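Here is the naming used below: chain letters follow the sequence lines, and residue numbers restart at 1 for every chain. Keep in mind that this is a model prediction, so the values were computed, not measured.
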Number of protein chains: 2
Amino acid sequence: MARKTKEEAERTRQQIIHAARQVFHECGVSRTSLEHIAKAAGVTRGAVYWHFANKAELFFAMQEQASTPLMARLDDLLLVEGSTDPLQGIEQALKEFFRTLDEHPEIRQTFETMASRCEYVDEFAPVQVEVNKPAMDFLDKVEIAYRRAQERGVLRAGLEPHAIALDTWAFACGLFHHLLAGCPEVDWRQQVPDMIAAHIALRR
Amino acid sequence: MARKTKEEAERTRQQIIHAARQVFHECGVSRTSLEHIAKAAGVTRGAVYWHFANKAELFFAMQEQASTPLMARLDDLLLVEGSTDPLQGIEQALKEFFRTLDEHPEIRQTFETMASRCEYVDEFAPVQVEVNKPAMDFLDKVEIAYRRAQERGVLRAGLEPHAIALDTWAFACGLFHHLLAGCPEVDWRQQVPDMIAAHIALRR
DNA sequence: TTTTATATACATACATGATTGTATATAATC
DNA sequence: GATTATATACAATCATGTATGTATATAAAA
């Protein structure tokens, strides 16, 4: 086939990423061939190699397209805890975060692939490290919020902000991971808000 | 080479599993060829195919050799919470569990591979489901322990055993996952006992 | 107890299929 | 007319599974 216009080319690029997301999720990253992705996108490997240097680069593009908005959302949510009760702020932020994940199937699918259909070795090892960074930011911001809650007297006496921030962090990681990689037989999504509420209630 | 005695054969089998653990961890399951494993074990693919039908079966053997003792240990730990304070029982059980993981590099290495160097699709998908089962058992037993704590009056008023069991479960999953798949730059292992203590303290 | 037959524990050789990256062709856009 | 966005063709590699070879452990027969 022949040359396409710039907009058409960009659309093909997105089609390829879209197809990659599906096939990665179904077959796992390693077992997915570029031929497989190309076919799913309705193009040939030629188009794939034109837009991406190799499978890893395609994966990175897909991953960034999901990570960037989700992590931006998390940042946002943790910022607006200013005016109201900080504890409720954290609770709302967590609820909203998981609701966002629930309401965006594409983002969710990418993170599911990242959680249990990808091997973090060689070129993929850095992804694991990068994904860890937002988790650390989360930890810091939650600690700050707990400190503020302490100052305002809404935190139960005797609780250390750093310690309970770590606890919240582990809790959130566990939830996150099990929503993405847990077996789909048990549907946790219903219970998430209640779990978050109970988690925060322990601090009042 | 010629026939070996039964004990020698069992030893080569273990050597193969041992080599697989190392190479899987270094290269990821998908990128590891049986040739690679064979070479690392000092045998040929002939030996590997004699003992295992294929790579998946070898992986399962390795996985079971790590899972069985670790899950048995977890079962044990959650049983002996009878006599003493149930809350302290949970705390001790969690601490011991993570200490066990820390003290057994082979088990740890296998679980690290399972956490971030393996793709749970096709033949590997059932592993994810099976690993989930002990996690459910854990949830049930912790809830029972919390109920007992409530009856004995060591639990803070107003806490629901089921809710705080879910919280403990998510917390433990988060810890577990980050110890295995988190970036190794940050060394959490030191803080684990304190985190567990803080988690339980929230319930008193 | 020696002999013999067979199953065992591998090593080696082979055939096949799958994937990858690149090189080249092509037609439309800019 | 040069570049771009693809398709097609090609070469090389690699991993897999199986088939075959072989020497020895093991157990039954003599």
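- Atom NE2 of A:H25 has more than 12 heavy atoms from other residues, nucleotides or ligands within 6.0 Å.
- Under the salt bridge (charged side-chain N to carboxylate O under 4.0 Å, His left out) criterion, A:D137 pairs with no residue, sequence neighbours left out.
- Taking atom CD of B:Q15 as the reference point, atom C1' of C:dA9 lies 13 Å away to the nearest angstrom.
- Taking atom CZ on B:R13 and atom P on C:dT8, their separation rounds to 15 Å, with Å as the unit.
- Atom CD in B:E10 sits roughly 18 Å away from atom P in D:dA25 (whole-Å rounding).
- Spacing between atom CG of B:L58 and atom C1' of D:dA15 amounts to 15 Å, rounded to whole angstrom units.
- At a threshold of 4.5 Å between non-hydrogen side-chain atoms, the residues B:L202 and A:R203 count as touching.
- Of the candidates D:dA5, C:dC10, D:dA7, D:dA7 carries the atom nearest the A:V43 side chain, counting heavy atoms from C-beta on.
- The CD atom of B:E7 sits 13 Å away from the C1' atom of C:dT8 (whole-angstrom rounding).
- Looking only at side-chain heavy atoms (C-beta outward), B:T32 and B:E26 stay at 4.5 Å or farther from each other.
- Close to D:dT26, at under 4.0 Å from its OP1 or OP2, lies a side-chain N or O of B:T5.
- At least one donor-acceptor pair closer than 3.5 Å links the side chain of A:N54 to the backbone N or O of A:E57.
- Between A:D75 and A:K141, the closest side-chain pair of non-hydrogen atoms falls below 4.5 Å.
- As rounded to whole Å, 14 Å separates atom C1' of C:dA23 from atom CH2 of A:W50.
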I'd like a list of close polar pairs between nucleotides 18-21 of chain C and the protein, N/O only, cut-off under 3.5 Å.
unit_1, atom_1, unit_2, atom_2, d
C:dT20, OP2, A:L34, N, 3.3
C:dG21, OP2, A:Y49, OH, 2.3
C:dG21, N7, A:R45, NH2, 2.6
C:dG21, O6, A:R45, NH2, 2.8

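- In this entry the distance linking NE2 of B:H51 with C1' of C:dT8 reads 10 Å, nearest Å.
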